[in-house]
Amino acid sequence: MKNVFTNIKPQLAPEAYENYGLIEVKSSGLLSILTFSEKRKDILFLLQENPRTLSEIKDYFDVRSPEILPRLKEMETANLIVRQEGMYRLTSLGKVSAIYYKPFLDTLKAIETNEDFWRDHDLTAIPEILLNRIQELKECRIVRDEHEHIYDTHKAFLENVLSSTRFSGFASIFLPSHPSMFLELARRNIPVSIIVTPNVFFKIKSEHSAEIEEFLKFKHTSFHVYDNAKIAFVVTERFLSLSLFFKNGTFDPRNDLIGFDSLSIKWGEDLFKHYKENSIEIKNL
């Protein structure tokens, strides 16, 4: 019988679904209670923290009773909240909704805030497990190097790096300034871990061998080679800076995704861990 309904369902008008016990999801249901109202959404997350009285809810939103009571009533009717002993609290379904709804909103925020960055670049170098955690990058913003201000942007980057107490980086492109920067950090007793692609490794080896040899002698440094990846990033305890390649295969030197919050940094650390676990360590040249 299931196969029969599967075959005929596309031929039925929506109003005919109920005749076969097939209920169509409508936008006027539970989904609309939260998605079509910022206030209801905010109430959900407010009550996720703690039950509140009507007075506390009004004070939080700085509104009068006629403005907030209809929203509360709608949420009660939808079985998201309940009023008990003068306190509004989430129902069991309300708690489940809050737990799963916030990551969904954070994911949309992370994508929409930097929509051009995610749309224009090749994302294949980001492991699926981390791409599924893109909501953790919701506080990141794009820093764009304009030609007339490129020195200022680079200076700000170096200041953040040199102010850090640990440094991890993946380089799939070669910049002449990198070997000396890595060595300077190592000389200051800052733990430094670097991963490069084979092309970058051979370039460094041929042109900066003395610097890298000194770098490798420190106990708090490590140098790895990863087969290949179209990505470049730096993560310290202060910030994450992520650069990607365009979909046509060329590196984008002007647009970096930057984050200074703890979630962005943790995401970057896990990205570095992924590459380090799959790379080969170089202990001497």
Side-chain angles (χ1 to χ4, degrees), residues 121-127 143-258 268-269 271-285:
H121 292 91
D122 182 355
L123 306 182
T124 56
I126 301 177
V143 174
R144 179 177 176 82
D145 281 340
E146 302 295 347
H147 291 304
E148 61 271 23
H149 302 298
I150 192 168
Y151 175 77
D152 293 337
T153 306
H154 184 63
K155 181 181 178 182
F157 173 79
L158 286 178
E159 288 176 351
N160 278 308
V161 168
L162 297 177
S163 299
S164 299
T165 59
R166 66 177 187 270
F167 178 96
S168 301
F170 186 106
S172 56
I173 58 166
F174 174 77
L175 291 178
S177 62
H178 278 177
S180 59
M181 182 182 72
F182 302 154
L183 183 56
E184 179 182 352
L185 292 171
R187 286 172 174 171
R188 294 170 54 199
N189 293 318
I190 294 175
V192 182
S193 188
I194 305 299
I195 306 173
V196 299
T197 56
N199 287 341
V200 174
F201 170 71
F202 289 119
K203 185 75 171 177
I204 292 176
K205 183 178 180 180
S206 64
E207 298 182 11
H208 299 269
S209 59
E211 291 165 291
I212 294 303
E213 284 176 352
E214 181 181 350
F215 175 86
L216 292 172
K217 291 179 181 178
F218 291 97
K219 293 182 178 180
H220 53 274
T221 62
S222 68
F223 192 49
H224 294 73
V225 175
Y226 182 87
D227 183 34
N228 196 21
K230 294 181 177 181
I231 194 171
F233 64 93
V234 164
V235 60
T236 77
E237 85 287 355
R238 290 174 58 86
F239 76 110
L240 163 70
S241 176
L242 174 68
S243 303
L244 295 173
F245 284 65
F246 288 117
K247 291 180 179 179
N248 63 8
T250 61
F251 181 70
D252 179 4
R254 300 181 64 187
N255 296 285
D256 295 333
L257 189 72
I258 307 290
E269 290 173 343
L271 179 63
F272 185 82
K273 181 180 178 181
H274 163 81
Y275 279 109
K276 187 175 182 179
E277 290 176 346
N278 293 281
S279 64
I280 298 174
E281 185 173 6
I282 306 297
K283 296 188 176 182
N284 57 70
L285 296 183

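Numbering of residues begins at 1 and proceeds along the displayed sequence.
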ring-ring contact (aromatic ring centres under 6.0 Å, His included) with [X]: which residues, sequence neighbours excluded?
X	result
His208	Phe174
Phe272	none
His121	Phe117, Phe246

[atom1]/[X] to [atom2]/[Y] distance, rounded to the nearest 0.5 angstrom?
X	Y	atom1	atom2	value
Ile204	Leu175	CD1	CG	9.5 Å
Lys283	Glu281	NZ	CD	5.0 Å
Ile282	His224	CD1	NE2	8.5 Å
Ile190	Leu185	CD1	CG	5.0 Å
Arg144	Arg254	CZ	CZ	4.0 Å
Ile212	Thr221	CD1	OG1	9.0 Å

- Message: Just to verify, what does Arg238 make a side chain to side chain contact (heavy atoms under 4.5 Å, CB included) with, not counting sequence neighbours?
- Response: Asn160, Ser163, Ser164, Thr236
- Message: Holding to side chain to side chain donor-acceptor pair (under 3.5 Å), I want the full list of residues that pass it with Glu184, two or more places apart in sequence or in another chain.
- Response: none
- Passing candidate, side-chain contact (heavy atoms from CB on, under 4.5 Å) with Val196, options Phe170, Tyr226, Phe223: Phe223
Heavy atoms, side chains only, cut-off 4.5 Å: are [X] and [Y] in contact?
X	Y	answer
Val192	Phe218	no
Ser279	Val225	no
Arg188	Leu162	yes
Tyr275	Asp227	no
Lys276	Ile195	yes

Kindly say whether [Y] contributes a backbone atom to a donor-acceptor pair with the side chain of [X] at under 3.5 angstrom?
X	Y	result
Glu214	Leu183	no
Arg187	Phe182	no
Ser172	Ile231	yes

- Task: Walk me through it: do Asn199 and Thr197 pass the test side chain to side chain donor-acceptor pair (under 3.5 Å)?
- Result: CA-CA 6 Å; Asn199 287 341; Thr197 56; 5.7 Å; no
- Residues, nucleotides or ligands: over 12 heavy atoms within 6.0 Å of Ile280 CD1: no
- Go through the steps for Ser168 and Lys273 under the test side-chain contact (heavy atoms from CB on, under 4.5 Å), then give the verdict. CA-CA 10 Å; Ser168 301; Lys273 181 180 178 181; over 6 Å; no
- Item | Test log, rule side-chain contact (heavy atoms from CB on, under 4.5 Å), inputs Leu240 and Glu269 | CA-CA 9 Å; Leu240 163 70; Glu269 290 173 343; over 6 Å; no
- Message: Does either side chain, that of Ser243 or that of Asp256, offer a donor lying less than 3.5 Å from an acceptor on the other one?
- Response: yes
- Item | Steps toward side-chain contact (heavy atoms from CB on, under 4.5 Å) verdict (Val161, Glu159) | CA-CA 5 Å; Val161 168; Glu159 288 176 351; over 6 Å; no
Minimal non-hydrogen separation, [X] against [Y], with atom names:
X	Y	value
Phe251	Ala232	CE1-CB, 4.1 Å
Pro127	Leu271	CD-CD1, 3.5 Å
Lys230	Leu244	O-CD2, 4.2 Å
Ile194	Phe215	CG1-CZ, 4.0 Å

- Note on the structure: Sequence neighbours excluded, the answer for salt bridge (charged side-chain N to carboxylate O under 4.0 Å, His left out) partners of Glu207 is Lys203
